[in-house]
Each structure stands twice: as structure tokens, then as C-alpha cells.
Amino acid sequence: QLVESGGGLVQAGGSLRLSCAVSRRTASSAAMGWFRQAPGKEREFVGWISWSSGLTYHASSMKGRFTVSRDNAKNMVYLQMNSLKPEDTAVYYCAAGPRLGSTVASMYNYWGQGTQVTVSS
């Protein structure tokens with residue numbers, strides 16, 4: 001099970017850090033990913049991280065602004081979002097999957113309920 005938190009309303013240019021609490025069962029997954037979905041749009045890949053190595057990969061459109069990290073001891077995954085823009089407004093989801101390296105939502109088999117991020121202009 002995955003539980004996201006940390007969403008909210010922020011002004012453009014601001015920052016937020018999303019957290020994802022990972023159950024022990026889900027922590028056996030190879031990869032943890034972050035996705036987002038804006039109204040009327042498809043779910044979009046944000047970034048992934050390897051539980052074991054900490055290796056990360058971020059979508060090019062968000063690279064440099066968004067950073068995925070994890071704390072193995074706490075079974076937590078984070079998404080640090082800086083320089084937020086109104087177009088970053090979406091529901092953000094944490095996901096876990098058995099294969100490292102996927103940017104496709106269907107390759108992740110565990111999902112959280114999502115947390116809303118709203119960026120005002």
C-alpha cells in the first residue's frame with residue numbers, strides 16, 4: 001500500500017515536497033515512481049527511483065525542478081518540487097513496480113490514492 005501526502009495550494013514559483021509512505025510489502029518492489037494527472041489529461045510520468053541503488057530518472061520536462069528521493073529506513077519516497085508553475089497543477093500519484101526504468105503507468109502495479117497539487121498564478 002502507498003499513501004501520499006504533502007499536496008496543497010502553492011503560488012507559482014513556490015515549492016512543495018510530496019511524501020509517499022510505503023508498506024513493507026510494497027517496499028519489495030524494484031522501482032518507485034511518481035506520476036501526475038491533470039483534469040482531462042492522461043497520466044504523466046514524473047520520475048522513478050530504485051529502492052536498492054537510489055538511481056533516479058526524471059521526465060525531461062521536469063528535470064531540474066523535480067527530484068525524487070527515498071529513505072529506505074523509513075520506507076518513504078519523496079518528490080521535491082521547486083519553481084512550480086500553474087501547469088504543474090494535477091493529482092500526483094506514487095506507484096510501485098517490479099521493473100526498474102519504466103516510464104509507463106501500466107508497468108506499475110501498486111498505486112496510492114493521489115494527492116492534489118494546485119499552483120496559482
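- Hydrophobic clustering, defined by side-chain heavy atoms of Ile, Leu, Val, Met, Phe, Trp and Tyr closer than 4.5 Å, groups Met76 together with Tyr78.
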Practice task
Take Tyr108 and Ser102, measure what side chain to side chain contact (heavy atoms under 4.5 Å, CB included) needs, and give me the verdict at the end.
Solution key: CA-CA 8 Å; Tyr108 292 80; Ser102 179; 4.1 Å; yes

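- Val10 has its side chain out of reach of Thr118: every pair of non-hydrogen atoms, C-beta onward, lies at least 4.5 Å apart.
- No continuous path of ILVMFWY side-chain contacts below 4.5 Å connects Val22 to Tyr93, so the two sit in separate hydrophobic clusters.
- Side-chain contact check for Glu4 versus Trp34: some heavy-atom pair is nearer than 4.5 Å.
- Between Ile49 and Val77 the shortest side-chain heavy-atom distance falls below 4.5 Å.
- Atom CG in Leu79 sits 9.5 Å away from atom OG in Ser19 (nearest 0.5 Å).
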Practice task
Evaluate the side chain to side chain contact (heavy atoms under 4.5 Å, CB included) criterion for residues Trp51 and Leu100: first the C-alpha distance (whole Å), next the side-chain angles of each, then the deciding distance (0.1 Å), finally the verdict.
Solution key: CA-CA 9 Å; Trp51 265 125; Leu100 190 62; over 6 Å; no

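- Atom CD of Glu87 has more than 12 neighbouring heavy atoms from other residues, nucleotides or ligands inside a 6.0 Å radius.
- For the atom pair CZ (Arg17) and CZ (Phe66), the distance works out to 15.0 Å, reported to the nearest 0.5 Å.
- Inter-residue side-chain proximity for Val117 and Thr89 is flagged as unmet; no heavy-atom pair is nearer than 4.5 Å.
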Exercise for the section: Would you sort out whether Lys85 and Ser121 count as a side chain to side chain contact (heavy atoms under 4.5 Å, CB included), showing the intermediate values? Expected result: CA-CA 8 Å; Lys85 307 173 182 179; Ser121 56; over 6 Å; no

Problem - ring pair (Phe, Tyr, Trp, His ring centres under 6.0 Å) between Trp111 and Phe35, intermediate numbers included - result: CA-CA 10 Å; Trp111 290 85; Phe35 289 78; 5.1 Å; yes

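- Residues passing the side chain to side chain contact (heavy atoms under 4.5 Å, CB included) test with Ser120 are Leu9, Gln11, sequence neighbours excluded.
- Under the 4.5 Å side-chain criterion, counting only non-hydrogen atoms from C-beta, Pro98 is in contact with Asn109.
- For the salt bridge (Lys or Arg N to Asp or Glu O under 4.0 Å) condition, the pairs that include at least one residue of residues 63-76, sequence neighbours left out, are Arg65-Asp88.
- Using a 4.5 Å heavy-atom threshold, the side chains of Tyr57 and Val68 count as separate.
- Expressed to the nearest 0.5 Å, how far CD of Gln80 lies from OG of Ser15 amounts to 5.5 Å.
- The two residues Arg36 and Ala90 make their nearest non-hydrogen contact at CB-CB, 3.9 Å.
- Cluster membership check: Met81 shares its hydrophobic cluster with Val46, using side-chain heavy-atom separations under 4.5 Å among Ile, Leu, Val, Met, Phe, Trp and Tyr.
- Under a 3.5 Å cut-off, the side chain of Ser53 and the backbone N or O of Ser50 do not form any donor-acceptor pair.
- For the atom pair CG (Leu18) and OH (Tyr92), the distance works out to 7.5 Å, reported to the nearest 0.5 Å.
- Between Cys94 atom SG and Tyr110 atom OH the span is 13.0 Å, to the nearest 0.5 Å.
- We find the CD-CD distance between Glu42 and Gln37 to be 8.5 Å, quoted to the nearest 0.5 Å.
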